[in-house]
Visitor: 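Can you read through this structure? Questions will come right after.
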2 protein chains.
Amino acid sequence: MPSSDLAAPARDRVTVVTIARRAGVASSTVSRALNGDPRISAATRERIAAIAVELGYMPDALARTLSGGRSGLIGLVLGPVENPFYVAMLEEVVAQAAARGLRPLILHLGAQAIEAETMRALQQYRVDGCLVTSARLSSDIADLCGRRGVPVVMLNRVTRLRASSVSCDNLGGAAEMARFLLGQGHRRFALVGADTASSTALEREQGFSQALAAAGLQPLRLSGGNSSWLGGYAAGERMAALPPAERPDAVFAVSDIMALGVMDALRRHGLRVPEDVSVAGFDDIAESARPTYALTTVSQPLVPMVRRGLDLLLARIQEPDLPDEVTLLRGRLTLRASTRERPPAA
Amino acid sequence: MPSSDLAAPARDRVTVVTIARRAGVASSTVSRALNGDPRISAATRERIAAIAVELGYMPDALARTLSGGRSGLIGLVLGPVENPFYVAMLEEVVAQAAARGLRPLILHLGAQAIEAETMRALQQYRVDGCLVTSARLSSDIADLCGRRGVPVVMLNRVTRLRASSVSCDNLGGAAEMARFLLGQGHRRFALVGADTASSTALEREQGFSQALAAAGLQPLRLSGGNSSWLGGYAAGERMAALPPAERPDAVFAVSDIMALGVMDALRRHGLRVPEDVSVAGFDDIAESARPTYALTTVSQPLVPMVRRGLDLLLARIQEPDLPDEVTLLRGRLTLRASTRERPPAA
DNA sequence: TTGAAAGCGTTACCAG
DNA sequence: CTGGTAACGCTTTCAA
C-alpha cells in the first residue's frame, strides 16, 4: 500500500476515551493509571501506558484545568526591558519555571500602563499565580489578584501591597558600597538616582547616603531621569561640566545601566575612569563585565532570587492561606577596574 | 452574625449559568447575548449585559477553548536574548499580540536546546499558532507544529521548513551597505561574520561580499564566534593587531551587537572610529544610536515585520490550508558618525 | 481494582 | 427569538 499520506488528515485528537476503548477499560481507569493512582494494578497501568505512548497521547491541559485542577500557567507582568537586568531576570524565570512544569504567560511587558485587556486575560486564563517585576504596574495587578485569590510575588520590589516579595538587600548593598569607596579613600561623592517611584532605587539611594552620613559626608545628588543609559549619560555630562574643584572623585549610580551611561559620558568628556573618577553601580548586568566597562558593582543574586520567588509562589498556590512573606537576599560586592584606591589628599 | 468576612470567601465563580438563573433565561441565551448573536432581542441582550456587568462576569477562556474555539494563545519560541534586537522584537510582539487579543505563551527562551517538556506544552495548551525567532530551534518546533496543524511563522529567519516567514532583505541590505562604503571611498574591507547556522548572518555576509566582488574587491573575513558583543570584540582585537599596512579602513559586522564589540575593541587599542576605521552594522538596536557609538547601520523594519508576522499567523489560524508564504521587507540605511568619507588614496 | 456518572464553563446544534 | 441538550477532555466522587 502506498500509504503516502503526507498530507496527514489532521488525525483526530487522542484522548483518554480513545485509549480507554483501545484497552477495553473505562476512561476513568485510564486517567488514574496515567496519573499514577496506586489503586490501579501494575498490569493495567503498564498496558495503558503502552497504548498511550503508541498513540502519542498528550493530556489536554485546558480540560484538566477546567475539571478543577491548576492551569500550570503563571502570569508575568514585566516593566520596561531597556534595563538588561530585567531581561536576565526574564530568562531566569523562564528557565526555572519550565523546570517546575510552569508555563509563563506574558500578561504585560513594557513601560506603558496596563490595559484593561490585560487584566481580563489574567482572569480568563486562570493563571495559578503572578510574578511581577514592575513597580508602577504592581498595584492594579496585586489588587485584582488579591480579590481573585491569585497569589502574587514581586521580584526586585518590596511592597506594602497584598503580595509576597523577593528582593535584594538594596539598603545594605548600597551602604556596603559606600563603605568600600570610603575605605578606598574617596571623599567627594556623587549619587545618581532615578525619579521613578521604585522602591529599589529609593532604598539604594538611602543606603548609600546614610552610610556616607555616618562618615560625616554628603553626596552630590544628580537625578538621572528614569533608570536608563541615557539618564546616566545625562547625569555624567552634568558631572563632567563641573569645575574641577567641585568634581566628585567617586560616583555611585543606583543601577548598572545608569552607571554605564555615567561612565560613557565622563570618558567622552575627557575624564578617565578610574584615574580621575571612580564609578560604581548596582545589579551586575552582563555589560558591566565587559573589559571596556569593568564596572565595580553590587551583584544581585539573580538565580536564588528567582528560585525563592517561585518557591513562594508555588507554596501559595498550594496553600492559598499562607501569609505574605518578604524575602531579602544579600548582594555581593564585585570589584572591577572602574574604581581605584585614592591616596590620602595631598 | 458579624458578617465581617474581610477574608472574602473566594466568592464562587460567576458563570453563564449564574447569569442565566438571575435573568430567568437559558444559559445558551446568555452565551448568545454576550457574544452579540443577532438573533437575541435587544431587550434581553441589554438585560443580560447589565447583569453580567453587575456580577463582574468574565468568560472562561479555557472552557471556551475546550468547547471548540481558539485558545487565543500563541506560542513564543525565542533564541538567546543577549542580542538586544531580539528583546526589542519580543517587546513589539507582546504589544501587537495584545492589541489583537492574543496572549503570548513563552515556550522557550535562550540558547540551549529545546526540552521535551516544551514540546509537550505546545500541544497541551492548544496554542493557536507559533512565532519562532530562533534558527537553531526552529526545525523541531516546525516539525511538530506541522504535524499538529499548528501554523508557524518565523521572524527574522527564512527557512525551507514547513512554515511561513518574515524577514529583512538581508542580502539586499548588506549589499547596499557595501555600495555605500565603496562610494565613500573605502577600499580595504573587513567582514565580521558569525559561525551560527543562522540564515540571517549568512545572507548578510553574502550580500556584502558579492557587492564588493562586483567592484573587484574581497573583504578580510573575521569570524566573530557567535553573534555577540564578545564575538565582535574578539574580531576587533584581531583587527587592531594587524600591521597598519594591512589594516582595513572599513568593517562591516553582520549584527549591530557585534559591530559595537568591534568598535569597543578598536578604540581600546588606540584606533579611532571613524577617523582610522569606519564601522558599520546591521539591525539598528537602541544601543547603536547612543552618542558614544553612533553606528551606521541597516535598520530593520521591526514594527512592520512583527505586524506582517502576526498577519500571516492569524490568516493561517483562520484558514489552515493557506500555503506557506515568505515575506521580505527592505531595510533602510541609517547613517551615523561611525563611518566617514575617505579621500582617494594619496 | 475498576466502572459509571457527574461536573468543570462554553458553545453549537436542533427544536420549538 | 429562545430553550434544552450534547459535546469538548479530564478528574473525581460514588458504587460495585
Side-chain angles (χ1 to χ4, degrees), chain A residues 10-49 51-52 55-73 120-121 123-128 148, chain B residues 10-49 51-52 55-73 120-121 123-128 148:
Chain A
R11 67 147 185 279
D12 324 67
R13 202 170 267 280
V14 177
T15 76
V16 279
V17 180
T18 323
I19 300 181
R21 269 200 292 264
R22 194 78 171 306
V25 300
S27 62
S28 48
T29 303
V30 174
S31 172
R32 288 190 273 247
L34 260 24
N35 290 320
D37 188 311
R39 301 176 307 183
I40 301 295
S41 74
T44 16
R45 184 202 317 291
E46 279 166 27
R47 192 157 49 92
I48 289 178
I51 299 183
L55 266 44
Y57 169 74
M58 278 281 121
D60 185 312
L62 276 48
R64 184 176 277 176
T65 305
L66 191 56
S67 134
R70 297 278 158 213
S71 68
L73 255 28
R120 255 174 239 133
Q123 311 174 59
Q124 300 187 329
Y125 287 92
R126 299 216 194 170
V127 297
D128 293 340
R148 309 279 302 195
Chain B
R11 70 150 183 279
D12 323 67
R13 203 169 266 279
V14 178
T15 76
V16 279
V17 181
T18 324
I19 301 181
R21 269 201 291 263
R22 194 78 170 306
V25 299
S27 62
S28 46
T29 303
V30 174
S31 173
R32 287 190 277 248
L34 261 22
N35 290 320
D37 188 312
R39 302 176 306 184
I40 300 294
S41 75
T44 13
R45 184 202 316 291
E46 281 165 27
R47 191 157 50 92
I48 290 177
I51 299 183
L55 266 44
Y57 169 73
M58 278 281 122
D60 185 311
L62 275 47
R64 186 175 275 177
T65 305
L66 189 58
S67 140
R70 297 278 160 213
S71 68
L73 258 25
R120 256 174 238 135
Q123 311 174 59
Q124 299 188 329
Y125 288 92
R126 298 218 195 169
V127 297
D128 293 340
R148 309 281 301 194

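None of the values given here were measured: they were computed from a predicted structure.
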Visitor: Checking contacts here: which listed nucleotide (C:dA4, C:dT10, D:dC8) is nearest the side-chain heavy atoms of A:Ala26?
Guide: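 Taking heavy atoms from C-beta onward, the closest nucleotide is C:dA4.
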
Visitor: Where do A:Ala26 and A:Ala20 come nearest, in terms of heavy atoms and distance?
Guide: C-CB, 3.8 Å

Visitor: Roughly how many Å is it from CD in B:Gln124 to P in D:dT11, rounded to a whole number?
Guide: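 Those two atoms, CD and P, are 11 Å apart.
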
Visitor: With hydrogens left out and only the distance checked, is there a donor-acceptor pair under 3.5 Å joining A:Arg126's side chain and the base of C:dG9?
Guide: no

Visitor: Determine: side-chain N/O of B:Arg64 to OP1/OP2 of C:dG9, distance under 4.0 Å, yes or no.
Guide: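 So the side-chain polar atoms of B:Arg64 never come under 4.0 Å of the phosphate oxygens OP1 or OP2 of C:dG9.
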
Visitor: Taking only the side-chain nitrogens and oxygens of A:Arg39, find out if one of them lies under 4.0 Å from OP1 or OP2 of C:dT1.
Guide: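 Checking A:Arg39 against C:dT1: no side-chain N or O falls below 4.0 Å of OP1 or OP2.
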
Visitor: Is there a donor-acceptor contact under 3.5 Å from the side chain of B:Arg64 to the main chain of B:Gly69?
Guide: no

Visitor: Take the protein atom CD1 of B:Ile48 and the nucleotide atom C1' of C:dT11, then report the distance between them rounded to whole Å.
Guide: 15 Å

Visitor: Measuring only between side-chain heavy atoms, which start at C-beta, is A:Thr15 closer than 4.5 Å to A:Asp60?
Guide: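 A:Thr15 does not reach A:Asp60 side chain to side chain.
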
Visitor: Among D:dC8, C:dT11, D:dT11, which nucleotide has an atom closest to any side-chain atom of B:Ser31?
Guide: C:dT11

Visitor: Tell whether A:Arg47 reaches the base of C:dT2 with its side chain through a donor-acceptor pair below 3.5 angstrom.
Guide: no

Visitor: What is the distance from CZ of A:Arg45 to P of C:dT2, rounded to the nearest Å?
Guide: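 My rounded result for the distance is 9 Å.
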
Visitor: Distance-only, no hydrogens or angles: does the B:Arg45 side chain make a donor-acceptor pair with backbone N or O of B:Ile40 under 3.5 Å?
Guide: yes

Visitor: Looking at C:dG9, D:dC10, C:dC14, which one has an atom nearest to any side-chain atom of A:Asp60?
Guide: D:dC10

Visitor: Please determine, for the side chain of B:Thr29, which listed nucleotide (C:dG3, D:dT2, C:dT11) has the closest atom?
Guide: D:dT2

Visitor: So which one's nearest nucleotide on DNA chain D is more toward 5', B:Ser41 or A:Ala63?
Guide: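 Of the two residues, B:Ser41 wins.
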
Visitor: Measure the shortest side-chain to side-chain distance between A:Tyr57 and A:Ile51 over non-hydrogen atoms and say whether it is less than 4.5 angstrom.
Guide: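 Sidechains of A:Ile51 and A:Tyr57: no contact.
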
Visitor: Is the phosphate of D:dT2, meaning OP1 or OP2, less than 4.0 Å from a side-chain N or O of B:Ser28?
Guide: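 B:Ser28 to D:dT2 OP1/OP2: no side-chain N or O under 4.0 Å.
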
Visitor: How close or far is atom C1' of C:dG9 from atom CG of B:Leu62, stated in whole angstroms?
Guide: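 B:Leu62 atom CG is separated from C:dG9 atom C1' by 10 Å.
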
Visitor: A:Leu34 and A:Ala52: which non-hydrogen atoms are nearest, and at how many Å?
Guide: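 Distance-wise, the nearest heavy atoms are CD1-CB, 4.4 Å.
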
Visitor: Ignoring the backbone of B:Leu66, work out which of D:dC8, D:dT2, D:dT11 is nearest its side chain.
Guide: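 Out of D:dC8, D:dT2, D:dT11, the nucleotide with an atom closest to B:Leu66's side chain is D:dC8.
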
Visitor: Can you tell me how far C1' of D:dT2 sits from CG of B:Asn35, to the nearest Å?
Guide: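 For the pair B:Asn35 CG and D:dT2 C1', the rounded distance is 16 Å.
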
Visitor: Does B:Arg13 have a side-chain nitrogen or oxygen under 4.0 Å from the phosphate oxygens OP1 or OP2 of C:dG9?
Guide: yes

Visitor: Rounded to whole angstroms, how far apart are CZ on A:Arg32 and P on C:dA5?
Guide: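 Interatomic distance, CZ of A:Arg32 to P of C:dA5: 14 Å.
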
Visitor: Can you tell me how far C1' of D:dT12 sits from CG of A:Leu34, to the nearest Å?
Guide: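 Spelled out: CG on A:Leu34 to C1' on D:dT12 is 16 Å.
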
Visitor: In whole Å, I'd like the distance from the CG atom of B:Asp37 to the P atom of C:dC14.
Guide: 15 Å

Visitor: Applying a 4.0 Å non-hydrogen cut-off, can you work out what B:Val25 is touching in the nucleic acid: base, sugar-phosphate, or nothing?
Guide: sugar-phosphate

Visitor: Can you find a side chain N or O atom of A:Thr44 that sits less than 4.0 Å from OP1 or OP2 on C:dT2?
Guide: yes

Visitor: Looking at B:Tyr125, I'd like to know whether one of its side-chain N or O atoms comes within less than 4.0 Å of OP1 or OP2 on D:dG9.
Guide: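 Indeed not, no polar side-chain atom of B:Tyr125 lies that close.
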
Visitor: Look at the side-chain N and O atoms of B:Ser67 and state whether any lies under 4.0 Å from the OP1 or OP2 oxygen of D:dA7.
Guide: no

